[in-house]
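These notes are about the structure you will find just below.
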Amino acid sequence: MLVLDAFTGALGANPIQRATQQSGLLALALLLLSLACTPLRRLSGWTWPARVRKSLGLLAFGYAALHLLIYLLDHGFSPAQMAEDVLERPFITAGFTALLLLVPLALTSTPRAVRRLGFARWTRLHQLVYVSVGLATLHYYWGVKRDHTPPLVAAAILAGLFLARWWGRPRGRGARSSRAGP
Amino acid sequence: FARPARPLGPYDTAEPVTPYRQATTYNNFYELGTDKADPARLAGSLKPRPWTVRIDGEVRKPQTVDIDTLQSWFPLEDRIYRMRCVEGWSMVMPWLGFPLAALIRRMEPTGKAKYVQFTALLDPKQLPGQRQPILKWPYVEGLRLDEALHPLAFMAVGLHGRVLPGQNGAPLRLAVPWKYGFKSIKSIVRITLTEKQPQTTWALAAPQEYGFYANVNPAVPHPRWSQATERRIGELGRRKTLPFNGYAEQVAGLYRGMDLRRLF
């Protein structure tokens, strides 16, 4: 999509800034979509969401990595600038941490990794995604200058997803499971 | 890009100017939307004629004047100025207009005048972005009187030899090239000379991020990003940001003895 935009000139007068924003937004959107899979499967009974979940998560990681790469490119791969940004600007700290937390998840996305870690440990590790997506949303919120509507929409979607997850959780005292009975 | 045929004046930069298309399609004018492309798309709703400007406050000749009359008072000059946005990008803008000092002197400031306050148009019909309370409308900016009387402080009515487009602040805007772009208020309807420092829009919205002075200063980072570098629109890399946006020689004297880290 970005490549297409670059060729058609749709990236506008400040293409690097636009590419930074687009890749970041795509990473967050894909992360939210990957988090929608489990509640969607539980609430609807469909199985296809479970099959696309991993791809969405990996794609989100890919765009987040691209987002960082463009940022690094933009700042001339300067380690000093990077360290200053990460350490002194909470806005960057949040975004950088969000991406760091996705690294172990991407590395353990294979069936072999699940077997090696054991399902329970793998699941616990992958709960890091909740922290990551929260930080990513915060990073988005802090990143806009004034109009906070889009990041608030993202936060509302995230809140909705957590709610759906809670609603559809297995073996809980939620409406669905108590109705389902033993 | 083609350099204008005339010789450069003492206040002009010799750097290549930003092409008209980029200078008129990548704009911050929140009254016409918060996306950079919004102002060009929505500028049709802004009607720059008929237009009057109210000049009042601490002046001996307060008056409301039609924009065409106001323009006819002064010979129009070209000025090629750098423009550095607080967001970290910059352009080179070939303005057409007249020095702000000429207008202020004509209004004869009283001894009490210490500041100049500028007010932009308030009209959600013409400026649909004002329907959202993103900022406190109307947009207000201000300068200290000595800053306003500096020969670099400029009132623009044209760009690239054409009438100023709506998205660039038609029909009358400020251009103070040593300050971040948000100081250069667009679509001005009122100029008031005051005794007290004006309450300016961005300083009200986020006082820890935007100060009254807003002088371009690579040594004072924005809380969320460094101001050490900038991207010139049309270039891919970044260049070093210069103190006072490269106008230190002309304007640094205005701030002698001031702590510009505190008064950012």
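Chain naming here is simple, since letters A, B, ... match the order of the sequence lines and numbering starts at 1 in each.
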In terms of heavy-atom proximity below 4.5 Å to chain A, should [X] be classed as side chain, backbone, both, or neither?
| X | answer |
| --- | --- |
| B:Asp35 | side chain |
| B:Arg231 | side chain |
| B:Gln132 | neither |

Please determine whether the number of non-hydrogen atoms from other residues, nucleotides or ligands lying under 6.0 Å from atom [atom1] of [X] exceeds 12.
| X | atom1 | answer |
| --- | --- | --- |
| A:Phe119 | CZ | no |
| A:Arg53 | CZ | no |
| B:Gln197 | CD | yes |

Query raised in the report: What is the minimum heavy-atom distance between A:Pro15 and B:Leu236, and which atoms define it?
Result: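 Smallest heavy-atom distance, with atoms named: CG-CD2, 4.2 Å.
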Requested in this report: Enter the distance from B:Ser226:OG to A:Gln81:CD here, rounded to the nearest 0.5 Å.
Outcome: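 So the gap between those two atoms works out to 4.5 Å.
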Report summary line: Between the CZ atom in A:Arg18 and the NZ atom in B:Lys36, the distance rounded to the nearest 0.5 Å is 10.5 Å
Query raised in the report: Among B:Gln22, B:Arg238, B:Glu235, which has the most heavy-atom pairs under 4.5 Å with chain A?
Result: B:Arg238
Requested in this report: Find the one option among A:Val144, A:Leu73, A:Asp74 whose heavy-atom pairs under 4.5 Å with chain B are most numerous.
Outcome: A:Asp74
Report task. Would you indicate whether the side-chain heavy atoms of B:Pro221 and A:Arg89 approach each other to under 4.5 Å? Result -> yes
Query raised in the report: Would you say B:His222 and A:Phe91 make side-chain contact, with heavy atoms under 4.5 Å?
Result: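 Answer no - side chains too far apart.
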